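Letters go in sequence order (proteins before strands), and every chain restarts at 1. Note that the coordinates shown come from a computational prediction; the quantities given were computed from them, not determined experimentally.
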Amino acid sequence: MNNIWTIAKREYDNYFSSPLAYVIGFVILLILGVYFSAIMFFSSGQALYGGPAPTNEQITWWFSFLLTISIPILTMRLISDEARMGTLELMLTAPVRDIELVVGKWLGAFLYVLTLTAVTLVYPIIMDNFISPGLDWRVVLSSYLGLMLFASTLIALGVGISAIFTNQFAAFFITFGLFIFLTFFIGIPASLLQKGGEFFDYLSFSTHFFNSMNRGTINLGDIVYFLSLTALGLFTGSTAIEIRRWR
Amino acid sequence: MIKVSGLTKDYGARRAIHNLNFDAQQGEIVGFLGPNGAGKTTTMRILTGYMPPTDGEAIVAGYDVVEESLEVRKRVGYLPETVPLYTDMVVFDYLKFMGDLRRIPNVEDRVDEVLDRVGLSDRANGYIGNLSKGMRQRVGLAQALMHRPEVLILDEPTIGLDPGQVVEVRELIREIGKERTVLLSTHLLNEAQNICDRVLIINKGKIVAEDTTENLQARLIGAERVMLRVRGEADELAKTVKLVKGVQGVETKEDGSVEFEFASGKDVRPEVAKQVINSGYDLIELRPLGMSLEEIFLELTGSDSKKK
């Protein structure tokens, strides 16, 4: 555990010493801020005629979408760059298990996303003050829980893929491609097949976050889905490092 | 401290090292001497737990490098050849990070201590990326020393350093080697002679010779070769040199200099110098010619085909 924390802390600090993390944080918060203002103004106009109040899930929907784009950027260099610079040799000859290294990297990136997420909590707080009778906080909680599970999964897959490649851009494109595939494309057979479509539906990010937790439905299936994909990503990373040793 | 038996490593179809056997005791500095691509780095990577061997066994600090890799890694300090460092980190933070991974108590004090030892205290707050090659080498060495390892494995520790730094680093290694086991690789014969108690000569993945530095020296210098140069034209120089008793193998080179040999222990250089001067030449240079690694291998492997 100690090693995981040491590695995570270095990675977390590293994000704040590079312009990249600031740029990503700035862009995400800017887009969300603009979007937030827009729905607030728009809804307040509608509300005069009995229209629906804005909901926080609109914000978390966009946030999760922005994370799908930015997490590959945050994870691409985590292990691939160590391999390229040769510092992986230091890590692999230090008394650190391969899985500790991978989990440490994952945790570092996760803490960065958690920090960013904490900042976005201002939106539901403001919204709650402006609408009557206020937000249903159970839905907000469900959205954020889902968002964290979703981020955890994306980061784990990103770290796993980063461990396979020595070139960080290769890691980026593969990670990003996988996310797009799992969000938009893997569910397609579900609508085409007569039978067995549920299987493809189950594999899709959309089923478990956008159409489920983000709308306030927490069920065990979704949680298991995200946790098992997180485990798969971390296991992939650890295995990829093991393979590097044998090569 | 280090015991290696039958160690073999294949990279695909290429055999990098073949059936290596050697050991190293506590308080001993063992040199791994060989040209590039001889298998030095591969062997060191196996001993540090970076990669498993294809065959054979290696015990370091009492633990098997494959079965008890973590225990080995706790007790080994390693400076890889490329000196990989996190260039975007500050020297102090980097060493503290590596120390934290090794659970060193009072790690900040230890960082100060180690930085002092490698003479980098004044650069503690500088970014590693801004350091010169020599300084980075010392940061790498500091990292390897952080946890007071029982075994220190240094891959080409003096490569890329300027002469002054080379002397400092060698001094440091010699000091460390008094109480710990040091295995270092080099492709410089004089470096191996300079710091090592014992030398393993490796070529094409096999150990071709293993001996104490003194014995090796005696074996190598069966005959010493010397180069002699005088001012101006020297057509008769070779003839003059040949007159001295004990001189063998006189050769005149294209640039007018003369090379000759004498049996080890019978230094005829003073006589040659006198003879040359008495014959009216202006002697400007008289120096021993070192052996190249290639020549050493030919010598040690008993190959009689004299390549020149």
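Heavy atoms closer than 4.5 Å to chain A are found in both the backbone and the side chain of B:Leu70. For chain B, no part of A:Asp13 is nearby; none of its heavy atoms comes within less than 4.5 Å. Neither the backbone nor the side chain of B:Arg75 comes within contact range of chain A, judged by heavy atoms closer than 4.5 Å. Both the backbone and the side chain of B:Phe97 have a heavy atom closer than 4.5 Å to some heavy atom of chain A. Neither the backbone nor the side chain of A:Arg244 comes within less than 4.5 Å of any heavy atom of chain B. At a 4.5 Å heavy-atom cutoff, the contact between B:Gln143 and chain A is made by side-chain atoms alone.
Atom OG1 of A:Thr87 is separated from atom CE of B:Met89 by 11.0 Å, given to the nearest 0.5 angstrom. Between the CG atom of A:Asn14 and the OH atom of B:Tyr86 there is a distance of 9.0 Å, given to the nearest 0.5 Å. The distance from the OG atom of A:Ser17 to the CG atom of B:Asp88 is 6.0 Å, given to the nearest 0.5 Å.
The local environment of CZ in A:Phe26 is sparse, with at most 12 non-hydrogen atoms from other residues, nucleotides or ligands closer than 6.0 Å. The number of heavy-atom neighbours closer than 6.0 Å to OH of B:Tyr11, taken from other residues, nucleotides and ligands shown, is above 12.
Checked by atom type and distance alone, the side chain of B:Arg73 never pairs as donor or acceptor with a backbone atom of A:Thr93 at under 3.5 Å.
Here the side chains of B:Leu101 and A:Met91 are in contact, with some heavy-atom distance below 4.5 Å. Counting only heavy atoms from C-beta outward, the side chains of B:Pro80 and A:Glu89 approach each other to under 4.5 Å.
Contact record, B:Pro52 with A:Arg245: CD-O, 3.5 Å, taken as the closest heavy-atom pair.
Cation-pi geometry between A:Arg10 and B:Tyr94 is not met: the NZ or CZ atom fails to fall both under 6.0 Å from the ring centre and inside 45° of the normal.
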